[in-house]
Amino acid sequence: MSYSEKTIEQARKIKAIVFDVDGVLTDGGIVYDNAGMEFKRFNVKDGQIIKYLKRAEVYTAVITGRDSLVVRNRCEELKIDKHYHGIKNKLETYQKLKEKWQLTDEQIAYVGDDINDLPVLVRCGLSCTPSDGHYKVKEHVDLVLKSKGGEGVLRELADLVLEAQNRYEDIIKELI
């Protein structure tokens with residue numbers, strides 16, 4: 001995939017990737033059965049890359065407006081560094097996370113798909129939305145990803161960051 005030099009330069013500085021869940025890690029759909037159990041579909045490619053981000057010393061975090069046991073379980077399973085659920089003010093949570101990790105805005109990438117993500121998207125160092133993100137969000141981000149929500153959005157961004165930081169060769173050497 002081809003990116004602008006500006007985008008590659010932004011990706012080189014990233015030390016944390018923060019992301020929403022519904023519409024980013026999932027297609028935004030929520031399925032309930034007759035007993036009220038919630039189901040979501042996640043893309044394994046997103047989960048696969050998190051361990052390689054950890055090895056490259058890139059933090060991961062979720063900030064989601066919904067509080068869902070399914071999402072909590074997925075975050076724990078993937079060993080996402082920090083995850084925040086039921087958040088109404090994503091910017092406040094982002095600021096606290098930034099302070100905790102002692103990072104600057106330019107060191108954080110954020111992926112969100114809807115207008116409630118805009119307060120963070122306009123501040124972070126590399127702002128992204130899925131290809132099916134809200135049209136108003138697309139007007140304010142650095143990068144509209146090729147992937148739709150739930151179809152490897154995090155993986156696409158992580159690949160960009162790892163490539164820009166010349167970390168992929170180490171990963172491949174370790175694997176083979």
Less than 4.0 Å between a side-chain N and a carboxylate O, is that true for [Y] and [X]?
X	Y	result
Lys40	Asp22	yes
Lys96	Glu92	yes
Glu76	Arg74	no

Using every non-hydrogen atom in the two residues, find where [X] and [Y] come nearest and quote the distance to one decimal.
X	Y	result
Ile171	Tyr52	CG2-CD2, 3.5 Å
Leu162	Ala56	CD2-CB, 3.6 Å
Gly149	Asp132	N-OD1, 2.9 Å
Val137	Ile115	CG2-N, 3.7 Å

Exercise. Given side chains that start at C-beta, do those of Leu97 and Thr93 come closer than 4.5 Å, heavy atoms only?
Worked result: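 No; the side chains remain at least 4.5 Å from each other.
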Problem set entry | Side chains of Leu25 and Phe19 in contact at under 4.5 Å (non-hydrogen atoms) |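 The answer is yes, as the side chains (C-beta and beyond) meet within the 4.5 Å cut-off.
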Tell me whether [X] at atom [atom1] has more than 12 heavy atoms from other residues, nucleotides or ligands lying less than 6.0 Å away.
X	atom1	result
Lys15	NZ	no
Glu139	CD	yes
Ile30	CD1	yes
Glu57	CD	no

For this session: Run the numbers on Asp67 and Arg72 for salt bridge (Lys or Arg N to Asp or Glu O under 4.0 Å), then give the verdict.
Result: CA-CA 8 Å; Asp67 194 351; Arg72 286 179 181 276; 2.9 Å; yes
From [X] atom [atom1] to [Y] atom [atom2], the distance as rounded to the nearest 0.5 Å:
X	Y	atom1	atom2	result
Ile17	Ile108	CD1	CD1	11.0 Å
Leu103	Tyr59	CG	OH	6.5 Å
Thr64	His85	OG1	NE2	7.5 Å
Cys124	Asp142	SG	CG	6.5 Å

Exercise. Under 4.5 Å between side-chain heavy atoms, hopping through other hydrophobics if needed: is there a path connecting Leu121 to Leu157?
Worked result: no
With no hydrogens and no angle check, is any side-chain donor or acceptor of [X] less than 3.5 Å from a backbone partner on [Y]?
X	Y	answer
Glu151	Pro130	no
Glu106	Gly125	no
Asp114	Asn116	no
Asn73	Val70	no
Lys138	Ser131	yes
Arg12	Ile8	no
Lys79	Lys54	no
Asp27	Gly150	no
Arg66	Gly86	no
Asp81	Thr60	yes

Testing the 3.5 Å rule here: is there a donor-acceptor pair between the side chains of [X] and [Y]?
X	Y	answer
Gln48	Lys45	no
Tyr110	Asp20	no
Asp105	Tyr94	yes
Thr129	Asp113	no

